[in-house]
Chemist: 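Here's a structure for you.
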Amino acid sequence: MDYNFREIEQKWQRYWTGNKTYKVEIDPSKPKFYVLDMFPYPSGAGLHVGHPLGYIASDIYSRYKRLQGFNVLHPMGYDAYGLPAEQYAIQTGQHPAVTTQKNITRYREQLDKIGFSYDWDREIRTCDPDYYKWTQWAFIKMFEHYYNNVTNKAEPIAELVKIFETSGTKNLDAACTEELNFSAEEWIAKSEKEQQEILLNYRIAYLADLKVNWCPALGTVLANDEVSEGLSIRGGHPVEQKVMRQWSLRVSAYAQRLLDGLDKIDWSESLKETQRNWIGRSEGAEMKFETKSGVSFEVFTTRPDTIFGVTFMVLAPESELVDDCTTPEQADAVKKYIEATKKRTERERMIDREVTGVFSGSYAINPVTGTEIPIWISDYVLAGYGTGAIMAVPAHDSRDYAFAKHFNLPIIPLIEGADISEESFDAKEGIMINSGFLNGLSVPEAIAKAKEHIEEKGIGKVRVNYRLRDAIFSRQRYWGEPFPVYYKNGMPYVLDESKLPLELPEVDKYLPTETGEPPLGRANDWETDDGYKLELNTMPGFAGSSAYYLRYMDPKNDTALVSKEANAYWQDVDLYVGGTEHATGHLIYSRFWNKFLFDLGFVVKDEPFKKLINQGMIQGRSNFVYRIQGTNTFVSLNLKDQYDVTPIHVDVNIVTNDILDIEKFRNWNPEYKTAEFILEDGKYVCGWAIEKMSKSMFNVVNPDDIIDNYGADTLRLYEMFLGPLEQSKPWDTNGIDGVNRFLKRLWGLFFDGDKLNISNEKPTADELKTLHKTIKKVSYDIENFSYNTSVSAFMICLNELYETKCNKKAILEPLSIILAPFAPHIAEEMYHLLGNTNSVCDAQWPQHKEEYLQESSVTYPISFNGKVRFTLEMPTDMSKEDVEKTALVNEQTAKYLKGKTPKKVIVVPGKIVNIVFAP
RNA sequence: GCUCGGGUGGUGGAACGGUAGACACGAAGGACUUAAAAUCCUUUGGCCCUUUAUCGGCUGUGCGGGUUCAAGUCCCGCUCCGAGCACCA
């Protein structure tokens with residue numbers, strides 16, 4: 001009987017849906033396991049063959065865990081807010097909700113065909129008011145809390161107000177935008193508006209005037225992780241710096257905890273490294289400098305040991321100190337310079353790194369040496385990092401070096417033997433010279449000693465700095481969560497929780513208003529019941545994805561994000577599968593969000609994702625045809641060198657094994673209707689290349705087409721068979737016949753002609769060995785996410801069973817169970833053919849038995865000086881001495897020894913024999 | 001520049017320090033067939049020598065060294081490719 005995948009797959013997909021096979025509930029009698037995929041943004045293009053890779057991998061793991069007796073939570077949903085739907089809405093007037101719904105429907109159809117074990121009753125969509133109610137709720141909580149650096153957690157703003165009322169800022173150590181100082185009396189004397197303004201300085205969700213990444217083309221502000229090299233990640237539009245009053249989340253308060261948490265979770269080293277980079281912790285000292293005229297300012301340095309080599313200071317052009325330090329004589333020059341730097345965009349600054357700067361006219365005094373040093377202004381110092389001012393040590397910092405050379409400033413070497421005639425010596429090694437009390441110390445010793453000295457003398461303090469910035473949380477867009485915020489007297493207040501969700505209003509156009517307000521400015525009656533104006537910005541894309549994994553635990557709850565009970569049971573995500581592109585965005589924000597909720601006692605775990613696997617990218621494999629210049633004649637690959645040709649991308653879907661379907665090619669594009677061909681062996685052979693999978697390369701492969709031709713089980717197996725999960729690899733449909741053949745042959749074992757033919761005979765030792773070897777290998781491979789090798793193991797197993805056309809139930813039944821995670825449809829059918837009436841999903845994962853794997857003899861490779869020459873079969877339990885003896889007396893040994901005497905014989909029992917002799 | 005990955009046949013890729021190339025694709029040959037498709041069988045890293053045949057030899061995992069009885073695997077140096085970070089003081 002033929003393997004009719006279409007019939008089998010439809011039948012079981014219907015059965016699973018009808019029987020709610022994948023529905024999951026809290027079950028205290030079973031251990032839980034939570035497997036999560038990064039939910040997709042439903043784009044208009046639908047899924048291509050690269051998207052399901054991670055989903056298949058996680059599905060295999062889910063099914064495996066379930067077979068092992070775990071209660072597995074494996075949900076799916078949609079990250080439904082996003083720019084593309086809104087851009088499309090702007091162009092067509094179509095409401096983004098409509099496009100989004102359409103795309104979701106399409107995604108769901110595609111996902112359903114692949115046979116995933118999702119519990120769709122738990123589906124969430126970030127644009128659904130029942131869902132974003134909890135995004136707004138979390139925002140309110142962040143508004144109502146501040147970060148206490150002493151207890152190291154978020155605490156209610158009400159507590160902070162109490163502190164202000166009793167002692168002002170005296171003993172306060174809290175995360176804030178800028179350090180403030182006031183007494184309790186001063187606080188009490190302030191107006192409500194002033195107090196609110198001060199509280200914003202401490203709230204975890206706060207409104208402040210910040211330098212932001214403004215993207216004019218998208219008409220919105222972007223977070224740091226949404227910008228790369230001065231361009232927006234989405235769309236690649238230029239981004240400029242602008243000061244705007246924006247909502248931000250005080251992620252920086254959690255920098256140290258985000259860093260420490262990395263040591264406790266099982267993520268790939270590269271991903272952790274990316275996050276460590278992004279958090280950018282640096283330990284150093286903050287030192288106080290004063291000018292002769294009494295202006296005092298602080299600099300941050302990681303190299304306090306180089307204090308004796310400071311030959312000038314530099315301020316960022318944006319620094320508030322610029323005005324204080326500029327002397328009347330220099331005022332014009334400084335003004336000119338500041339204006340010039342303002343004009344430069346971030347991108348220009350990055351591309352064109354020429355050394356620029358201007359002298360301020362004043363001098364600072366080195367607090368350690370007492371020498372006078374000039375203060376300069378230059379845009380190589382960033383306002384946003386440290387204090388916006390640096391002490392320059394040209395001998396040992398390449399940027400300072402370039403500046404010093406350019407402006408002819410002195411360079412004092414501080415490390416013995418360092419050659420600084422051509423470039424600075426930046427390494428933290430060597431012995432200090434020219435450094436007073438630090439002379440003779442190694443750099444690390446000097447750093448420690450200098451820090452001590454600075455603290456002792458009260459010149460500064462030891463400090464830790466982070467590169468991680470607060471997350472800008474406002475977007476001047478329509479298609480996002482509205483803020484639960486209204487304005488009274490110009491100050492923001494949050495809505496009462498009972499008013500949630502605050503639903504996204506309708507607007508006539510998805511564009512800014514004539515006065516430049518965000519699109520929500522077009523909504524009618526966008527105000528509270530009391531007539532206060534509501535916030536016009538919406539939340540960014542990462543808002544909805546920051547806590548979605550919690551919502552899946554309890555998706556229908558309308559009184560809490562997640563009930564205590566559900567959270568206590570499901571705890572955290574045991575396995576999270578997704579791409580690396582979220583390393584500095586979603587994966588930082590959701591860890592922050594989770595830690596915040598943890599501080600408030602809403603969740604039991606302070607890290608949300610215990611283990612994380614990054615699936616590699618599926619690259620495209622493009623095909624080319626070669627057109628002879630100036631003609632409509634195409635020449636086959638191996639003849640193309642005889643002509644002057646242009647390679648042209650051709651749709652991979654009309655090419656099979658690199659042979660072009662000429663008819664389809666002529667119909668593909670009217671331009672080629674009359675094309676002529678120069679063939680080799682009657683065929684047109686195409687060239688190929690590995691490129692990104694994209695429409696413009698005509699190399700996009702749609703999973704629907706694969707499923708139509710081969711079935712979902714073949715697609716699943718083949719995606720896994722392509723190579724290691726975490727590695728990027730090209731998709732080449734050519735190889736798919738191999739796994740399809742495997743399934744057909746496996747199917748064939750069950751039938752004799754058209755008749756089902758299963759034997760109840762006892763299996764042979766060989767058959768049991770094959771089975772148990774496979775169980776062992778596949779179990780090990782699944783645990784290690786080595787799915788490509790488990791598919792190979794299945795193939796080897798079948799090849800062995802095929803020798804005897806094994807149709808014994810005792811073998812095929814366990815085999816159908818271990819195959820079920822990979823190819824659930826055919827496995828379910830096989831399981832039922834064998835007489836079972838329940839779902840294979842509820843079977844038990846078989847245990848391999850070592851006794852079946854025992855061999856009575858081993859084939860020993862016999863090597864001479866490491867070179868294998870022949871093999872000898874010997875009993876497994878033969879002693880080391882006997883193995884050595886047997887090998888030495890063998891007649892072939894004499895031949896390879898060529899009369900020499902063995903110096904040494906290495907015997908590794910069960911592995912190898914190596915005979916060493918002087919050649 | 002710094003930090004992570006990674007270089008193995010025509011292709012995707014296997015290989016606890018122990019017979020490199022499992023498994024699969026492709027290719028070649030054969031069987032079946034009027035023919036094709038499908039299916040099945042054999043061969044398949046390269047180079048030699050073969051006529052004793054599937055017997056044998058040399059060589060081979062980016063390059064150069066080293067450790068070891070034994071190295072794709074460990075160590076040192078280099079090189080190329082990919083990713084992340086980058087005037088972050």
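Every chain is numbered from 1 and lettered A, B, ... according to where its sequence line falls, protein lines coming before strand lines.
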Chemist: What dot-bracket string describes RNA chain B from 5' to 3', counting Watson-Crick and G-U wobble pairs whose defining distances are under 3.5 Å, with [ ] for crossing pairs and | for pairs to another strand?
Modeler: (((((((..(((.....[....)))((((((.......))))))((((.......))))..(((((..]....))))))))))))....
Chemist: Of the listed nucleotides (B:A38, B:A22, B:A89), which one gets closest to any side-chain atom of A:K744?
Modeler: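 Nearest to the side-chain atoms of A:K744, counting from C-beta on, is B:A38.
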Chemist: Using a 4.0 Å heavy-atom cut-off, does A:S270 contact any base of the nucleic acid, only the sugar-phosphate backbone, or nothing at all?
Modeler: sugar-phosphate
Chemist: Would you mind reporting whether A:I412 and A:T311 have side-chain heavy atoms less than 4.5 Å apart?
Modeler: yes
Chemist: Measure CG/A:D737 against C1'/B:C23 and give the value in whole Å, please.
Modeler: 15 Å
Chemist: Is A:R745 touching bases, backbone alone, or none of the nucleic acid, heavy atoms closer than 4.0 Å?
Modeler: sugar-phosphate
Chemist: Say you pick atom C1' in B:U19 and the same atom in B:A70; how far apart are they, in whole Å?
Modeler: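 Comparing C1' positions in B:U19 and B:A70 gives a spacing of 12 Å.
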Chemist: For residues A:I338 and A:I377, determine if any side-chain heavy atom of one lies less than 4.5 Å from a side-chain heavy atom of the other.
Modeler: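 The answer is yes, as the side chains (C-beta and beyond) meet within the 4.5 Å cut-off.
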Chemist: Are A:N224 and A:V227 close enough that some pair of their side-chain heavy atoms sits under 4.5 Å apart?
Modeler: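 No. Closest side-chain heavy atoms not under 4.5 Å.
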Chemist: Rounded to whole angstrom, note down the C1' distance from B:G26 over to B:G82.
Modeler: 27 Å
Chemist: Looking across every strand, which nucleic acid part, if any, lies under 4.0 Å from A:I390 by heavy atom: base, sugar-phosphate, or nothing?
Modeler: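 If one applies the 4.0 Å heavy-atom cut-off, A:I390 turns out to touch a base.
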Chemist: In whole Å, what is the span from the CD atom of A:E719 to the P atom of B:G13?
Modeler: 14 Å
Chemist: For B:G56, take OP1 and OP2 only and decide whether either is under 4.0 Å from a side-chain N or O of A:R869.
Modeler: no
Chemist: Within 45 degrees of the axis of the six-membered ring of A:W267 and under 6.0 Å from its centre: does A:R276 put its NZ or CZ there?
Modeler: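 Judged by the rule, A:R276 and A:W267 form no cation-pi pair.
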Chemist: Pick the P atom in B:G64 and in B:U59, then give their distance to the nearest Å.
Modeler: 15 Å
Chemist: Between A:K729 and B:G12, does any side-chain N or O lie under 4.0 Å from OP1 or OP2?
Modeler: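 No, no such contact exists.
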Chemist: Looking at B:U59, I'd like to know if its phosphate oxygens (OP1 or OP2) sit under 4.0 Å from a side-chain N or O belonging to A:K867.
Modeler: yes
Chemist: Given the C1' atoms of B:C80 and B:C16, what is the spacing between them in whole Å?
Modeler: 30 Å
Chemist: In whole Å, what is the span from the CD1 atom of A:I373 to the P atom of B:A89?
Modeler: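 Value for this atom pair: 19 Å.
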Chemist: Looking only at atom C1', what distance separates B:A28 and B:G84, rounded to whole Å?
Modeler: 46 Å
Chemist: For A:G738 and A:P724, find the nucleotide of RNA chain B closest to each by heavy atoms; which residue's nucleotide sits nearer the 5' end?
Modeler: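 So the residue in question is A:P724.
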Chemist: NA contact type, A:N657, heavy-atom cut-off 4.0 Å: base, sugar-phosphate, or nothing?
Modeler: sugar-phosphate
Chemist: Using a cut-off of less than 4.0 Å, is there contact between a side-chain N or O of A:Q727 and OP1 or OP2 of B:G13?
Modeler: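 Yes, because at least one side-chain N or O of A:Q727 sits under 4.0 Å from OP1 or OP2 of B:G13.
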Chemist: Using a 4.0 Å heavy-atom cut-off, does A:I906 contact any base of the nucleic acid, only the sugar-phosphate backbone, or nothing at all?
Modeler: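 The answer is base, as A:I906 lies within the cut-off (heavy atoms under 4.0 Å) of a base atom.
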Chemist: Measuring only between side-chain heavy atoms, which start at C-beta, is A:T306 closer than 4.5 Å to A:D397?
Modeler: no
Chemist: From the options B:C69, B:G18, B:A89, select the nucleotide whose nearest atom is closest to the side chain of A:K904.
Modeler: B:C69
Chemist: Among B:U3, B:A89, B:C85, which nucleotide sits nearest the side chain of A:R467?
Modeler: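 The closest nucleotide is B:C85.
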Chemist: Could you state the atom-to-atom distance from CD of A:E803 to C1' of B:C40 in whole Å?
Modeler: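 The answer, rounded to whole Å, is 14 Å.
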Chemist: Does the pair A:T580 and A:N614 meet the rule for a side-chain hydrogen bond (donor to acceptor under 3.5 Å, both in side chains), with working shown?
Modeler: CA-CA 6 Å; A:T580 21; A:N614 287 124; 5.0 Å; no
Chemist: Which of parallel (below 30°), tilted (30 to 60°) and perpendicular (above 60°) describes A:Y787 and A:F822?
Modeler: perpendicular
Chemist: Select base, sugar-phosphate, or nothing to describe what A:R741 touches, counting heavy atoms under 4.0 Å on all strands.
Modeler: sugar-phosphate
Chemist: Just call it for A:V916: base, sugar-phosphate, or nothing, with non-hydrogen atoms closer than 4.0 Å on any strand.
Modeler: sugar-phosphate
Chemist: Look at all strands and tell whether A:D397 reaches a base, only sugar-phosphate, or nothing, counting heavy atoms closer than 4.0 Å.
Modeler: nothing
Chemist: OP1 or OP2 of B:A89 sitting under 4.0 Å from any side-chain N/O of A:S282?
Modeler: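 Yes, within the criterion.
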Chemist: Is any side-chain heavy atom of A:L639 less than 4.5 Å from a side-chain heavy atom of A:L637?
Modeler: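 No, too far: nothing below the 4.5 Å cut-off.
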Chemist: So, is A:Y896 near the phosphate of B:G57, with a side-chain N or O under 4.0 Å from OP1 or OP2?
Modeler: yes
Chemist: Give me syn or anti for B:G9, where syn covers glycosidic angles within 90 degrees of 0.
Modeler: syn
Chemist: Kindly point out which of B:G18, B:A24, B:C87 is positioned nearest to the side chain of A:D379?
Modeler: B:C87
Chemist: Closer than 4.0 Å, any side-chain N/O of A:N799 to the OP1 or OP2 of B:A24?
Modeler: yes
Chemist: Are A:N865 and B:A70 close enough that a side-chain N or O sits under 4.0 Å from OP1 or OP2?
Modeler: no
Chemist: Mapping A:V791 and A:S728 onto RNA chain B by nearest heavy atom, which one lands closer to the 5' end?
Modeler: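 The residue closer to the strand's 5' end, by nearest nucleotide, is A:S728.
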Chemist: To the nearest Å, give me how far apart CG (A:L743) and C1' (B:A24) are.
Modeler: 13 Å
Chemist: Can you check whether A:R621 has a side-chain N or O nearer than 4.0 Å to OP1 or OP2 of B:U11?
Modeler: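 No, A:R621 has no side-chain N/O under 4.0 Å of OP1/OP2 on B:U11.
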Chemist: For the residue pair A:V652 and A:T733, establish whether any side-chain heavy-atom pair is separated by less than 4.5 Å.
Modeler: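 Result no, sub-4.5 Å side-chain heavy-atom pair not found.
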Chemist: How far, in whole Å, is B:A20 from B:C58 if one measures between their P atoms?
Modeler: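 Per the computed distance, 13 Å lies between those P atoms.
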Chemist: Rounded to the nearest angstrom, tell me the gap between atom CG in A:D781 and atom P in B:C16.
Modeler: 11 Å
Chemist: Nearest whole angstrom, please: distance from the P of B:C4 to the CG of A:L262.
Modeler: 15 Å
Chemist: After noting the C-alpha distance and the side-chain angles of A:T789 and A:S786, does the key distance pass the side-chain hydrogen bond (donor to acceptor under 3.5 Å, both in side chains) rule?
Modeler: CA-CA 6 Å; A:T789 51; A:S786 177; 2.5 Å; yes
Chemist: Under the criterion side-chain hydrogen bond (donor to acceptor under 3.5 Å, both in side chains), I'd like the reasoning laid out for A:Y337 against A:T356: C-alpha separation, chi angles, the key distance, then a yes or no.
Modeler: CA-CA 9 Å; A:Y337 181 69; A:T356 62; 2.7 Å; yes
Chemist: Measuring only the C1' atom in each nucleotide, how far is B:A27 from B:G10? A whole number of Å is fine.
Modeler: 8 Å
Chemist: State which of B:U3, B:G12, B:A22 makes the closest approach to the side chain of A:E273.
Modeler: B:U3
Chemist: Less than 3.5 Å between a donor and an acceptor, one on the side chain of A:N277 and one on the base of B:C85, is that the case here?
Modeler: no
Chemist: Can you tell me which nucleotide in B:A89, B:A14, B:U19 comes closest to the side chain of A:I912?
Modeler: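 Nearest listed nucleotide: B:U19.
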Chemist: Could you please spell out the steps behind the ring pair (Phe, Tyr, Trp, His ring centres under 6.0 Å) verdict for A:F403 and A:F312?
Modeler: CA-CA 10 Å; A:F403 196 82; A:F312 56 102; 5.4 Å; yes
Chemist: If you only use heavy atoms from C-beta on, which nucleotide in B:A24, B:C87, B:U3 is closest to the side chain of A:Y380?
Modeler: B:C87
Chemist: Taking the same atom, C1', in B:G12 and in B:U67, what whole-Å distance lies between them?
Modeler: 34 Å
Chemist: Just how far, in rounded Å, is P of B:G18 from CG of A:N914?
Modeler: 13 Å
